[in-house]
Every structure is written in C-alpha cells, then in structure tokens.
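What follows is a short report on a single structure.
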Amino acid sequence: MKLSLNSVTCIGCGLCSDICGETFGMKDGKAILKKKVCEDNGREKEAIISCPTNAISVSK
Ligand code: SF4
C-alpha cells in the first residue's frame with residue numbers, strides 16, 4: 001500500500017512516529033514519511049487510525 005501524508009492537516013503531535021518510528025519521522029514540527037509503502041497489516045495501520053486529524057492516508 002502507498003502512504004501519503006497531508007502536511008497541511010498534520011498538527012505535529014508526533015503520535016505516528018511514536019507508534020511506528022521506522023516509517024514516520026518528525027521534521028520542523030510536522031510528520032514526514034521515511035518510506036512510501038507499507039504492508040497491509042503493519043504497524044502503520046495503527047498510526048493511521050491514531051492520527052487525530054486523519055492526515056495519513058493509504059492507497060493500493
Ligand atoms: Fe501529524 Fe497525524 Fe502524525 Fe500527529 S499522528 S504528527 S497529526 S500525521
């Protein structure tokens with residue numbers, strides 16, 4: 001699955017990088033993607049669900 005991140009709606013809470021630091025990082029107060037694809041059942045899914053502003057999305 002392909003990951004994408006909306007840097008406008010991201011509020012920089014850091015939750016995604018806390019949950020899944022191998023895929024999400026923080027830079028200048030916003031989340032960044034360390035990789036652009038993830039497994040269907042990876043920890044990325046928990047990060048996506050936990051994001052308070054739904055700034056992370058996935059597509060096939
Ligand atoms: Fe941004 Fe969402 Fe990550 Fe928080 S969990 S840093 S709002 S992408």
Side-chain angles (χ1 to χ4, degrees):
M1 303 201 311
K2 281 191 235 164
L3 288 164
S4 60
L5 200 55
N6 185 332
S7 59
V8 175
T9 54
C10 171
I11 56 169
C13 70
L15 210 49
C16 54
S17 63
D18 285 348
I19 294 169
C20 187
E22 72 243 34
T23 302
F24 302 98
M26 299 299 295
K27 191 180 180 196
D28 299 329
K30 296 277 185 175
I32 55 161
L33 286 173
K34 293 181 178 174
K35 55 183 198 180
K36 302 222 185 271
V37 291
C38 71
E39 298 299 319
D40 207 6
N41 55 359
R43 258 192 303 165
E44 289 85 358
K45 202 160 196 174
E46 195 187 331
I48 292 163
I49 293 165
S50 303
C51 175
T53 62
N54 296 319
I56 310 163
S57 54
V58 288
S59 57
K60 297 256 168 166

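Just so you know, ligand 1 is whichever comes first in the structure, and atom 1 is the first atom listed for that ligand.
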Do the side chains of L33 and I56 join up, straight or via other hydrophobic residues, at under 4.5 Å, putting them in one cluster? yes

Could you report the tightest heavy-atom contact between I11 and P52, atom names first, then the distance? CD1-CG, 4.1 Å

Proximal protein heteroatoms (N, O or S) of atom 4 (Fe) of ligand 1, under 2.8 Å: C13 SG

With a heavy-atom distance limit of 4.0 Å, tell me whether L5 approaches ligand 1 through its side chain, its backbone, both, or neither. side chain

ILVMFWY network linking L5 to M1, side-chain heavy atoms under 4.5 angstrom: yes

For K27, I'd like to know if atom NZ has over 12 heavy atoms of other residues, nucleotides or ligands within 6.0 Å. no

Is the shortest side-chain heavy-atom distance between C51 and T53 below 4.5 Å? yes

Tell me which one of R43, K34, K35 satisfies salt bridge (Lys or Arg N to Asp or Glu O under 4.0 Å) with E22. R43

